[in-house]
There are 2 protein chains.
Amino acid sequence: MLPVCNFTCYRPVTPMSSRNSPTASVESKQEGSVAPRERIVSCAAELFRKFGIRGIGVDAIAEAAHTNKMTLYRKFRSKDDLLCETLRQVTQRAMVFWTELDQDDQKDAAAKLNSWVDFHVQRLEQEPGGCDLANAVVELRDIAHPAYGVVQEFKTSQRDRLAALCTAAGATDPNLLADTLSLLLEGARVNRQATGADGSSRRLRESCNATIKAFAPS
Amino acid sequence: MLPVCNFTCYRPVTPMSSRNSPTASVESKQEGSVAPRERIVSCAAELFRKFGIRGIGVDAIAEAAHTNKMTLYRKFRSKDDLLCETLRQVTQRAMVFWTELDQDDQKDAAAKLNSWVDFHVQRLEQEPGGCDLANAVVELRDIAHPAYGVVQEFKTSQRDRLAALCTAAGATDPNLLADTLSLLLEGARVNRQATGADGSSRRLRESCNATIKAFAPS
DNA sequence: GGACAGTGTTACCAGTCTGTAACTTCACTT
DNA sequence: AAGTGAAGTTACAGACTGGTAACACTGTCC
């Protein structure tokens, strides 16, 4: 019902033909080279995002990473294991935003809240595929799956951090503001997938700003 | 990676053993009986919801509907075709709310907006599986899929109706209010799937009320 | 009684999937 | 130069998938 055909996501550091040549060995020591495991994870993340977890096979992932299935299974116990690893990588990427925001002494809490909005509005435009974590849960539909734990932990931590920010910004009912903003963001991501760029998510920034204003101290 | 095993969703009108007996023919004329096509659609809707579109096979759907694969393929050209039909059924169920709301002369626009919130908060608690339409888009991840059109059309019509209601209620910037409420609802549904009942979706009603209040005419 | 449409049954095709086994080749270290 | 461990290659097992073909059965209507 959905033939998956073309998958070339990993930009080869060395072309396939010269991989076993001396040149390849040199390149493998240069800074541009990436270990098979990392290549697999980043390719898997991209292919899962593009075709869905069930929509792409391990063979295709290995091929895209310019390696093979056996190597993949030497690095990961199972496809589920690989999936969890890719999700953890996605969460780590998001954590960078928070640490950078924490270290920024120039902005006060209110300005940081605006940065949060900016960051996510920008990401919505750049990556219209929605939240990988939420997508995984929707696709798997199984609470017992190990990926579910990864997602739940991450989402909770994100909400807690946002709530702390709202508190610092002196919002009335900061927890409710954090919840509301979380829902707006999550909704915008899925809405963008379902109805495209011209749907309700188009004015996410204005929605967030109106919400923040409504919770401003009087 | 995810063995699908038990699927008994369609409450049997007649037990399998007596289906070809005279009793079965009598029962097939009673009001309790349902035509195979309808049984297939409702079973498919439930199983798609429970296991995902790719997580359940046509054979299992046919079995749950107490029929077989051949009959399924006589009624539907393909699994995709069946999927579209189930999604259309889901949209029709939601349309009932709007027609009832339109016909209600007791409530003014503001009260109807509250009804909208009530309706969806209630549905969120009753059906924690999220929006079937949005889930389908997330799972398929293919704009060319016929289901995408069904979803997009429905989501747009929902938003338009909500915007009309916000206009009637005299909201400042009714379109933005409709967008914001749409995002809140959509976000709550996916958030509930990803983080459970105690996540940010728990206070959806309060989030909506705060938002509506923020757009109230001064 | 007989045609007929709807349904059930069985078997099958061709493709895909995850995961494993056995073996070869390579690069690097000592 | 030898050895070691990581990676590539090939083949395969076992299960499942969507979809089709051919045929048997059943109740209904003329």
Side-chain angles (χ1 to χ4, degrees), chain A residues 1-5 7 12-14 16-30 33-40 44 47-48 51-83 140 145, chain B residues 1-5 7 12-30 33-40 44 47-48 51-63 65-83 140 145:
Chain A
M1 62 190 287
L2 190 140
V4 174
C5 358
F7 35 81
V13 269
T14 61
M16 202 57 172
S17 55
S18 66
R19 289 219 83 226
N20 294 333
S21 69
T23 338
S25 78
V26 171
E27 289 232 289
S28 72
K29 282 206 162 185
Q30 287 180 347
S33 84
V34 185
R37 193 192 145 94
E38 294 173 53
R39 295 205 312 261
I40 292 170
L47 291 171
F48 284 151
F51 299 106
I53 298 160
R54 283 208 172 93
I56 197 80
V58 286
D59 233 339
I61 292 170
E63 191 179 329
H66 287 99
T67 178
N68 52 52
K69 198 163 56 166
M70 269 315 300
T71 301
L72 190 152
Y73 274 101
R74 284 188 197 111
K75 304 295 178 189
F76 305 94
R77 257 180 305 181
S78 65
K79 187 184 182 182
D80 289 334
D81 195 30
L82 171 59
L83 171 64
L140 295 172
H145 196 286
Chain B
M1 65 186 285
L2 190 143
V4 174
C5 2
F7 34 81
V13 269
T14 61
M16 203 56 173
S17 57
S18 66
R19 287 222 84 219
N20 293 334
S21 71
T23 340
S25 76
V26 171
E27 289 232 289
S28 74
K29 282 207 160 182
Q30 289 179 348
S33 84
V34 185
R37 194 193 145 93
E38 295 174 53
R39 295 202 315 257
I40 291 170
L47 291 171
F48 284 151
F51 299 105
I53 298 161
R54 285 209 173 91
I56 197 80
V58 286
D59 232 339
I61 292 170
E63 190 179 330
H66 287 100
T67 179
N68 52 49
K69 198 161 61 166
M70 269 316 300
T71 301
L72 187 152
Y73 274 101
R74 285 189 194 110
K75 305 296 177 188
F76 305 94
R77 256 179 305 178
S78 64
K79 187 185 182 184
D80 289 334
D81 195 29
L82 171 59
L83 171 64
L140 295 172
H145 196 287

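The figures here come from the full heavy-atom set of this structure, side chains too, leaving out hydrogens, waters and symmetry mates. Per chain, numbering begins at 1; letters A, B, ... match sequence-line order. Keep in mind that what you see is a predicted model, and the values were worked out from it rather than measured.
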Rounded to whole Å, the CD1-P distance (B/Ile61 to D/dT17) equals 10 Å
task = Report yes or no: does A/Lys75 contribute a side-chain atom to a donor-acceptor pair with the main-chain N or O of A/Met70 at less than 3.5 Å?
result = no
A/Tyr73 atom OH is separated from D/dG8 atom P, nearest whole Å, by 16 Å
State, yes or no, whether a side-chain contact exists between B/Thr67 and B/Leu72 at a heavy-atom distance under 4.5 Å. no
Rounded to whole Å, CD of B/Glu38 lies from C1' of C/dG6 at a distance of 15 Å
Here the distance between atom C1' of C/dA5 and atom CE of B/Met70, to the nearest Å, is 14 Å
Whichever of B/Asn68 and A/Arg77 has the more 5' nearest nucleotide on DNA chain C, that residue is B/Asn68
| said: Between B/Ile61 and B/Phe48, is the side-chain contact (heavy atoms from CB on, under 4.5 Å) condition met? List the steps. | reply: CA-CA 9 Å; B/Ile61 292 170; B/Phe48 284 151; 3.8 Å; yes
So does A/Thr67 get a side-chain nitrogen or oxygen closer than 4.0 Å to the phosphate oxygens (OP1/OP2) of D/dA7? no
Separation of C/dG8 atom C1' from B/Arg37 atom CZ, nearest Å, is 19 Å
Rounded to whole Å, NZ of B/Lys75 lies from C1' of D/dT20 at a distance of 17 Å
Tightest non-hydrogen contact, residues A/Val34 and A/Arg39, listed as O-NH1, 3.1 Å
Those residues at least two apart in sequence (or on a different chain) that pass side-chain hydrogen bond (donor to acceptor under 3.5 Å, both in side chains) with A/Asp81 are none
In terms of heavy-atom contacts, B/Lys69 and B/Val58 come closest through CD-CG2, 3.7 Å
Of the listed C/dT18, C/dT7, D/dG19, the closest approach to the A/Lys79 side chain comes from C/dT18
### Task
Compare all side-chain heavy atoms of A/Asn68 with those of A/Asp59 and state whether any distance is below 4.5 angstrom.
no
Check your understanding: Between the base of C/dG8 and the side chain of B/Arg74, is there a donor-acceptor distance below 3.5 Å?
Key -> yes
When rounded to whole Å, the NZ to C1' distance for the pair A/Lys69 and C/dT20 reads 9 Å
When rounded to whole Å, the CG to P distance for the pair A/Leu72 and C/dG19 reads 10 Å
Per-helix bend value, the helix from C/dG1-D/dC30 to C/dT30-D/dA1, C1' rotation axes over five pairs per end, 10° rounding, shows 10°
| With respect to the phosphate group of C/dT7, does any side-chain polar atom (N or O) of B/Thr71 fall under 4.0 Å of OP1 or OP2? | no
